[in-house]
Colleague: 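Let me give you the structure first, and then I'll get to my questions.
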Amino acid sequence: MSDSAVPPATMPASSQLSANLREPAGALRKTRSMTRGSGFSVLFCAMSQEANSGRRYAGQPVEDRQRERRARFLESGLTVFARDGYANSSVGAICKDAGLSSRQFYEEFTGRESLLLELFDLIDRESRAAVLASLDHSAEQSAIQRIDAAVRAYVHSIGSDMRRARVVLVEVVGAGTKLEKLRTESRRAWSAVLARAAEDAAMHGEIPTGDYDLRMLAIIGAVNYVVEEWSGTEPQRPLDEVIRVLSRIIIGAIRA
């Protein structure tokens with residue numbers, strides 16, 4: 001199927017994911033390098049982009065068209081993985097949802113796993129950035145207020161779109177060694193963020209000092225389980241109720 005035969009796709013504007021997919025962010029380029037495989041593939045991709053620089057297709061720069069096509073595959077991957085489950089998904093279903101061909105898919109990704117890797121990395125980084133921003137904005141508030149703000153930011157980022165929660169918290173589990181490695185790195189990054197916040201609160205005498213590493217891992221597991229259940233349940237419980245429960249869990253674990 002050629003690009004000219006492809007009908008324009010409509011992409012949901014839920015969350016910041018769609019915006020991030022359209023721009024060549026550093027995290028996206030890093031993930032693409034990881035999922036492309038050999039260094040030769042990365043070099044070839046860079047050379048192709050340089051060769052295409054300045055070219056236009058139907059009045060649109062080639063680079064913009066490539067970014068748009070990649071974004072459509074990411075959005076469709078999010079939909080198909082959440083709807084069908086990663087194990088039951090197929091490249092054909094993703095292409096059908098995106099309105100693009102399998103040839104175009106393999107120009108962007110090596111397979112379903114590389115697509116899932118990029119989705120996980122994007123959503124995980126977005127949610128962590130949201131939490132860090134909330135902690136910065138609430139720096140002068142009490143520990144309980146900061147935790148409340150951080151939990152609210154995380155739940156909004158992950159749980160506001162059921163597809164995001166489903167893919168990041170459920171479908172990546174057991175999806176392969178590369179995904180497990182990325183999940184391990186993610187847990188360590190989240191643990192470091194939470195440990196720094198706890199240490200800051202301890203410096204102000206709001207909570208006792210201590211080794212927070214293991215407690216942070218326990219908190220991550222509890223929070224993700226609750227968010228997963230909340231995002232996939234209809235009707236959903238009020239967000240404030242979820243945040244109140246999670247805040248109590250976090251405070252209790254930190255003060256233990």
Side-chain angles (χ1 to χ4, degrees), residues 14-20 25-27 31 78 119-173 182-233 236-256:
S14 58
S15 77
Q16 298 176 3
L17 177 61
S18 297
N20 284 353
T31 310
L78 188 66
L119 279 171
F120 176 86
D121 191 57
L122 279 168
I123 298 170
D124 185 62
R125 287 175 182 273
E126 280 186 6
S127 60
R128 193 153 52 248
V131 169
L132 286 169
S134 74
L135 290 172
D136 287 342
H137 293 156
S138 59
E140 303 302 320
Q141 299 178 352
S142 68
I144 293 178
Q145 290 172 318
R146 298 188 74 203
I147 289 172
D148 183 271
V151 169
R152 188 177 297 273
Y154 179 75
V155 173
H156 271 299
S157 179
I158 293 289
S160 58
D161 184 340
M162 182 278 294
R163 300 175 305 163
R164 293 163 66 90
R166 179 76 189 178
V167 167
V168 171
L169 302 178
V170 179
E171 297 305 325
V172 297
V173 179
L182 193 58
R183 290 180 67 226
T184 298
E185 293 172 356
S186 170
R187 284 194 296 269
R188 289 172 179 165
W190 277 110
S191 179
V193 168
L194 296 175
R196 285 197 298 270
E199 288 164 1
D200 184 63
M203 287 178 58
H204 290 82
E206 295 181 89
I207 61 173
T209 58
D211 183 1
Y212 301 111
D213 291 346
L214 289 178
R215 278 180 274 179
M216 294 307 112
L217 290 176
I219 287 171
I220 293 168
V223 169
N224 283 344
Y225 181 80
V226 171
V227 173
E228 175 198 336
E229 285 294 310
W230 173 76
S231 64
T233 301
Q236 285 185 339
R237 295 191 178 191
L239 177 60
D240 286 341
E241 179 182 338
V242 176
I243 292 172
R244 188 163 55 250
V245 169
L246 290 175
S247 296
R248 285 202 295 264
I249 291 173
I250 294 172
I251 290 294
I254 290 175
R255 287 177 172 171

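Below, each value reflects all heavy atoms present in this structure, side chains not excepted, and no hydrogens, waters or symmetry copies.
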Colleague: What is the minimum heavy-atom distance between Ile220 and Arg187, and which atoms define it?
Modeller: CD1-O, 3.7 Å
Colleague: Does any part of the side chain of Tyr154, heavy atoms only, come nearer than 4.5 Å to the side chain of Ile243, both counted from C-beta?
Modeller: no
Colleague: Under the rule for ring pair (Phe, Tyr, Trp, His ring centres under 6.0 Å), what residues qualify as partners of Phe120, not counting sequence neighbours?
Modeller: none
Colleague: Measure from the side-chain N and O atoms of Ser186 to the backbone N and O of Leu182, and report whether any donor-acceptor pair falls under 3.5 Å.
Modeller: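 No: the side chain of Ser186 does not pair with the backbone of Leu182.
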Colleague: Partners of Val155 by side chain to side chain contact (heavy atoms under 4.5 Å, CB included), sequence neighbours excluded?
Modeller: Val151, Val227, Trp230, Leu239, Leu246
Colleague: Provide the closest heavy-atom pair for Ala150 versus Ser134 in the form atom of the first, atom of the second, distance.
Modeller: CA-OG, 3.3 Å
Colleague: Charged N to carboxylate O under 4.0 angstrom, Arg152 versus Asp240?
Modeller: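 A salt bridge is present here (some side-chain N lies under 4.0 Å from a carboxylate O).
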Colleague: What residues, two or more places apart in sequence or in another chain, satisfy side-chain hydrogen bond (donor to acceptor under 3.5 Å, both in side chains) together with Asp136?
Modeller: none
Colleague: I need the single residue from Arg164, Arg166, Arg163 that forms a salt bridge (Lys or Arg N to Asp or Glu O under 4.0 Å) with Glu171. Which is it?
Modeller: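 Testing Glu171 for a salt bridge (Lys or Arg N to Asp or Glu O under 4.0 Å) against Arg164, Arg166, Arg163 leaves exactly one candidate, Arg166.
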Colleague: Would you sort out whether Arg128 and Val131 count as a side chain to side chain contact (heavy atoms under 4.5 Å, CB included), showing the intermediate values?
Modeller: CA-CA 5 Å; Arg128 193 153 52 248; Val131 169; 5.6 Å; no
Colleague: Tell me if a side-chain donor or acceptor on Ser157 pairs with a main-chain N or O of Ala153 at a distance below 3.5 Å.
Modeller: no
Colleague: Work out which heavy atom in Leu78 is nearest to a heavy atom in Leu119; give both atom names and the distance.
Modeller: N-CD1, 3.6 Å
